[in-house]
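These notes concern the structure reproduced below.
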Amino acid sequence: MSPIDDDTFAAGSSGAPDPQLDDALRAALAPGPIAPEFQARLRRVVADEFSARRARRLTRASAGIAAALLLTLALARGPGAAPRGAFAPSASPATDWSDSLDSSIAMIENELDELHVRVAAETLSRLRVAQPADDWDKPADQASDSDAPTSDGARSAPAVPAAGPASMDTTPSLDRPLSTRPRRLA
Amino acid sequence: MNEAPRLPRDDRALLETLVGLMGARLLAYVRRARPGCDAEELVAETFARAARSVAALRAAPRPDLYLLRIARNLCRDEQRRRAPKLRTSEWLDNRSRPAPTPDSAAIAGETSAMLQREVDALPEAQREIIVLRYAVGLQFDEIAECLGIPLGTALSRAHAAVARLRSRLEGIHVAD
């Protein structure tokens with residue numbers, strides 16, 4: 001017992017200690033033994049809460065991993081790319097983690113698809129740079145539209161070579177791509 | 001309650017230890033200090049909430065007082081929810097003749113039974129201090145901390161309660 005409060009109290013309002021009443025109150029109000037069933041219920045409550053907490057943690061951890069993946073993908077997309085998913089400005093901070101996880105997974109799949117396509121396109125363009133410059137190497141909008149279908153679906157006729165000395169040049173040249181070499185007249 | 005037991009490091013083990021240490025005390029507190037509340041339900045909810053905020057429980061200097069505060073807040077919420085349903089006359093009636101608690105039957109002795117009735121009839125603020133003191137086993141500084149009141153207030157309420165109980169006991173003994 002602390003020397004200040006409990007001594008003060010034990011002295012009682014009349015100044016005389018009243019250990020009899022003190023003991024009687026202790027005996028009357030002492031908590032009875034707790035029923036084993038109730039104790040078991042309390043333990044079950046605690047166990048349930050911890051199971052739920054563990055599940056919540058796992059979901060959060062998964063969502064965290066998903067968010068990290070999204071961030072990595074966002075960085076791979078390069079600067080200036082609009083933030084998505086959990087990083088989007090409109091994302092609510094109080095997001096339901098399971099919903100967030102689902103949407104993050106979907107987003108990762110989309111991002112991976114896009115990234116895959118982008119990497120493939122870049123690889124292709126690098127390969128093209130290594131090729132000699134030619135009509136087919138140009139971007140689609142600059143390329144000759146000789147092979148492009150016309151509005152009625154038919155292919156346009158091949159361009160007629162301009163008349164002149166160049167068109168009559170029959171000198172074989174290995175520097176020139178085959179497609180531009182003049183055809184030998186039969 | 002006077003010596004703080006060594007608490008386990010594992011959160012779940014900590015809660016289970018507290019179930020053993022505090023289960024009966026919390027039940028006694030709710031039954032006696034807050035009659036009308038579903039004591040078992042509230043104590044179970046107390047442990048559920050403690051498990052949900054186990055970090056705060058562990059950070060608390062006295063986990064037992066922390067649990068008591070949760071139980072007390074739950075009781076007050078419950079009482080607030082019920083309050084509009086009771087008319088003043090019913091409320092006064094409930095205060096003067098509180099429902100008997102399950103452990104009152106187990107307690108032998110006329111004086112004990114009578115004291116329980118008298119404690120139940122105390123004003124709530126006084127009753128709570130008496131219950132925390134004698135049923136839960138707290139010291140007055142702990143009671144003051146638990147209730148968030150100055151020590152002097154806790155002591156003066158206790159004095160008033162004991163004086164009232166003493167006069168009631170003397171009156172009964174004289175009548176006998």
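Values below: every heavy atom of this structure, side chains too, minus hydrogens, waters and symmetry copies. In the text below, chain A, chain B and the rest are named by the order of the sequence lines, each starting its count at 1.
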State whether E16(B) and R12(B) are salt-bridged, where the test is any N-O pair (Lys NZ or Arg NE/NH1/NH2 against Asp/Glu carboxylate O) under 4.0 Å. yes

Which one wins on heavy-atom pair count under 4.5 Å against chain A: S156(B), G152(B), A135(B), A144(B)? A135(B)

Considering only heavy atoms, which portion of V119(B) lies under 4.5 Å from any heavy atom of chain A: side chain, backbone, both, or neither? side chain

In residues 33-40 of chain A, which residues are in contact with chain B at a heavy-atom separation under 4.5 Å? I34(A), F38(A), Q39(A)

Could you check whether R53(A) pairs with D11(B) (Lys NZ or Arg NE/NH1/NH2 to Asp/Glu carboxylate O, under 4.0 Å)? yes

Side chains of Q139(B) and R133(B): do they bring a donor and an acceptor to under 3.5 Å? no

R44(A)/E49(A) ion pair, N-O < 4.0 Å: no

Using a cut-off of under 4.5 Å on heavy-atom pairs, state which of G20(B), A51(B), A48(B) scores highest against chain A. A48(B)

Do R54(A) and R57(A) have side chains that approach each other closer than 4.5 Å (heavy atoms only, starting at C-beta)? no

Where is the tightest heavy-atom contact between A161(B) and Q126(B), given as atom of each residue plus distance? CA-OE1, 3.4 Å

Residue among L42(A), V45(A), L21(A) with most heavy-atom pairs under 4.5 Å to chain B: L42(A)

Name the region of A47(A), side chain, backbone, both or neither, that has any atom closer than 4.5 Å to a heavy atom of chain B. both

Please find the pair of heavy atoms, one from C37(B) and one from Q79(B), that lie closest to each other, and give the distance. SG-CG, 4.1 Å

Test salt bridge (charged side-chain N to carboxylate O under 4.0 Å, His left out) applied to E124(B) and R76(B), step by step: CA-CA 11 Å; E124(B) 188 176 304; R76(B) 293 172 94 174; 6.0 Å; no

Tell me, for V54(B) versus chain A, whether the close heavy atoms (under 4.5 Å) come from the side chain, the backbone, both or neither. side chain

Test salt bridge (charged side-chain N to carboxylate O under 4.0 Å, His left out) on R34(B) and E128(B) and set out the steps. CA-CA 8 Å; R34(B) 305 285 176 165; E128(B) 191 166 35; 2.8 Å; yes

